[in-house]
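Single-structure report; data block below.
The analysis underlying the following values was restricted to heavy atoms, covering all of them including side chains, and did not include hydrogens, waters or symmetry mates.
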Amino acid sequence: MLTELLYDPVQGAWIFFRVELDGFQQSQLIECWFTPETQIASGYGIGKTIVSWIFLNLSCILIPDTHCMAVYQNLQSGINQFWKYYRQSPFMMTPLFRSQMGELDDEGDPTKKKTAREVSALKAFFKNGSLIILPASDMMNDGSGRMGEDINRLVMDEHNESCEKSYEAVTLSYPSRVRRAVFNSNHPVWCNKIVRSSAAKTGEHPAYPIHRKIEHHVNEGSPKWGLKQFSYKNFSSKKCHTGKTFRQQYRDDDKIASMSQNLS
């Protein structure tokens with residue numbers, strides 16, 4: 001069964017977290033799972049973060065001694081978007097998932113302190129030696145505070161926004177950490193991976209050269225690069241856990257119309 005789940009992350013998401021993904025979200029998870037470097041350049045409100053959370057936690061469960069990192073513009077943003085699923089989503093914290101986990105080292109939560117200056121990272125430990133790190137990112141300092149960490153899998157959420165603050169951090173400082181030893185560095189599942197996830201921007205954005213490079217490799221047919229682009233229109237008429245369709249549950253056309261007045 002372990003071998004089967006290593007090649008079917010969508011089934012793994014259901015078994016361990018009881019999360020049923022829509023079709024395009026399944027596509028995102030599969031792309032991240034089998035591709036060394038992936039960019040998710042999509043619209044707002046389509047569940048990019050939850051898929052990234054599943055990707056990292058499933059990696060830690062199925063592949064022993066896997067060290068992962070989720071990077072945000074700052075620690076508070078990471079807590080609000082990524083770490084909240086450990087605390088506020090009991091339907092995802094299933095008994096099977098809990099049985100694989102060790103402790104959550106979040107005593108340094110800056111929401112409980114007046115300053116986050118002494119906080120280096122929040123960590124989620126797993127019984128098989130795996131680890132997820134949510135660093136107290138300092139994009140203005142080029143992410144130099146994490147220079148000692150070697151990791152296997154990196155998710156840079158809010159990638160484009162972070163690029164505005166520090167181009168060097170998202171192109172060099174953090175990606176250079178993805179060099180920890182693996183069982184097979186040439187295998188599509190076992191190899192180290194980088195995921196860049198963010199809302200899509202225009203061609204004038206500082207992160208556009210990164211997108212153009214990835215798009216070039218994908219168009220050439222390289223299996224080492226992946227690019228997925230989604231919008232709110234991708235929600236399907238398939239029923240979700242509430243009994244409603246994914247479109248009815250998650251697509252808010254009024255909110256989208258309002259946001260479109262101010263966004264490119």
Side-chain angles (χ1 to χ4, degrees), residues 1-17 19 21 25-41 48-71 82 96-97 99-102 121 123-135 143 146-157 159 170-197 210 213-228:
M1 188 172 191
L2 174 61
T3 303
E4 183 177 337
L5 292 178
L6 276 171
Y7 294 93
D8 191 351
V10 174
Q11 184 183 8
W14 171 251
I15 289 176
F16 284 103
F17 313 116
V19 173
L21 300 172
Q25 295 169 326
Q26 295 178 19
S27 175
Q28 175 184 336
L29 179 58
I30 291 171
E31 188 74 41
C32 296
W33 193 258
F34 290 105
T35 310
E37 292 205 33
T38 305
Q39 182 186 26
I40 310 299
K48 297 186 295 295
T49 300
I50 182 60
V51 176
S52 296
W53 187 91
I54 291 172
F55 165 66
L56 292 185
N57 282 273
L58 197 60
S59 296
C60 287
I61 292 172
L62 298 179
I63 304 176
D65 194 32
T66 296
H67 288 199
C68 304
M69 183 179 289
V71 175
F82 185 90
L96 181 59
F97 178 39
S99 71
Q100 309 302 311
M101 290 196 69
K123 297 181 180 180
F125 296 92
F126 292 77
K127 293 179 179 178
N128 62 2
S130 294
L131 170 69
I132 294 179
I133 305 168
L134 179 65
R146 313 307 305 173
M147 293 302 288
E149 305 271 6
D150 282 355
I151 55 176
N152 301 110
R153 304 200 169 186
L154 171 68
V155 169
M156 289 187 284
D157 212 342
H159 171 266
V170 299
T171 59
L172 179 61
S173 298
Y174 283 107
S176 66
R177 299 297 95 203
V178 188
R179 61 188 186 189
R180 196 167 181 269
V182 293
F183 173 66
N184 186 342
S185 61
N186 296 311
H187 192 279
V189 174
W190 295 95
C191 70
N192 289 334
K193 294 180 169 63
I194 297 176
V195 177
R196 298 174 173 88
S197 178
I210 302 173
K213 180 189 71 172
I214 295 173
E215 191 174 44
H216 172 73
H217 288 305
V218 171
N219 290 339
E220 284 192 329
S222 172
K224 296 184 178 181
W225 299 83
L227 174 62
K228 289 292 183 181

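Closest approach of N128 and P64 over heavy atoms only: ND2-CA, 3.6 Å. The two atoms that bring A70 and L134 nearest to each other are O-CD1, 3.2 Å, heavy atoms only. The minimum heavy-atom distance linking F97 with F16 is given by the pair CB-O, 3.4 Å. Contact record, L62 with L5: CD1-O, 3.7 Å, taken as the closest heavy-atom pair. In terms of heavy-atom proximity, I151 sits nearest to M69 at CD1-CB, 3.6 Å. Closest non-hydrogen pair, L58 versus A13, comes out as CD2-N, 4.2 Å.
Residues S197 and Q39 fail the side-chain proximity criterion, which asks for heavy atoms closer than 4.5 Å. For the pair Y174 and M156, the minimum side-chain heavy-atom distance is below 4.5 Å. Using a 4.5 Å heavy-atom threshold, the side chains of E37 and I214 count as separate. Side-chain contact between V195 and I40: present, with at least one pair of heavy atoms (C-beta onward) separated by less than 4.5 Å. Residues F82 and L56 are in side-chain contact: their nearest non-hydrogen atoms beyond the backbone lie under 4.5 Å apart. Looking only at side-chain heavy atoms (C-beta outward), S27 and K228 come within less than 4.5 Å of each other. Looking at F55 and V155, their side chains come closer than 4.5 Å, going by heavy atoms from C-beta outward. Contact of the C68 side chain with the L154 side chain is not registered, since no non-hydrogen atoms from C-beta on lie closer than 4.5 Å.
In this structure, the separation between NZ on K193 and OG1 on T38 is 8.5 Å, given to the nearest 0.5 Å. Considering CD of E31 and CD of Q28, their distance stands at 9.5 Å, rounded to 0.5 Å. The line from CZ of F126 to CD of Q100 is 9.0 Å long, rounded to the nearest 0.5 Å.
Checked against the 6.0 Å centroid threshold, F17 and W53 count as a close aromatic pair.
Every pair tested for salt bridge (Lys or Arg N to Asp or Glu O under 4.0 Å) that includes a residue from residues 51-64 fails, sequence neighbours excluded, so the list is empty. Sorted by first then second residue, the salt bridge (Lys or Arg N to Asp or Glu O under 4.0 Å) pairs that include residues 4-13, not counting sequence neighbours, number zero.
Under the side-chain hydrogen bond (donor to acceptor under 3.5 Å, both in side chains) criterion, S52 pairs with no residue at all, not counting sequence neighbours. Under the ring-ring contact (aromatic ring centres under 6.0 Å, His included) criterion, F183 pairs with W190, sequence neighbours left out. By the side chain to side chain contact (heavy atoms under 4.5 Å, CB included) test, I30 pairs with P9, V10, F34, sequence neighbours left out. With sequence neighbours left out, the side-chain hydrogen bond (donor to acceptor under 3.5 Å, both in side chains) criterion links S185 to no other residue. In this structure, the side-chain hydrogen bond (donor to acceptor under 3.5 Å, both in side chains) partners of S59, at least two apart in sequence or on a different chain, are R153. Among residues two or more places apart in sequence or in another chain, the side chain to side chain contact (heavy atoms under 4.5 Å, CB included) test is passed with N152 by T66, H67, R180, V182, N192. The side-chain hydrogen bond (donor to acceptor under 3.5 Å, both in side chains) test applied to D157 returns T49, Y72, not counting sequence neighbours.
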Solution key, residues 215-227 side-chain donor-acceptor pairs under 3.5 Å, sequence neighbours excluded:
unit_1: H216; atom_1: NE2; unit_2: E220; atom_2: OE2; d: 3.3
unit_1: N219; atom_1: ND2; unit_2: E215; atom_2: O; d: 3.2
unit_1: S222; atom_1: OG; unit_2: K224; atom_2: N; d: 3.3

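Looking at S130, its side chain does come within 3.5 Å of a backbone N or O of D65 through a donor-acceptor pair. One N or O on the side chain of K127 and one on the backbone of S99 form a donor-acceptor pair closer than 3.5 Å. No side-chain donor-acceptor contact under 3.5 Å links K123 to the backbone of P135.
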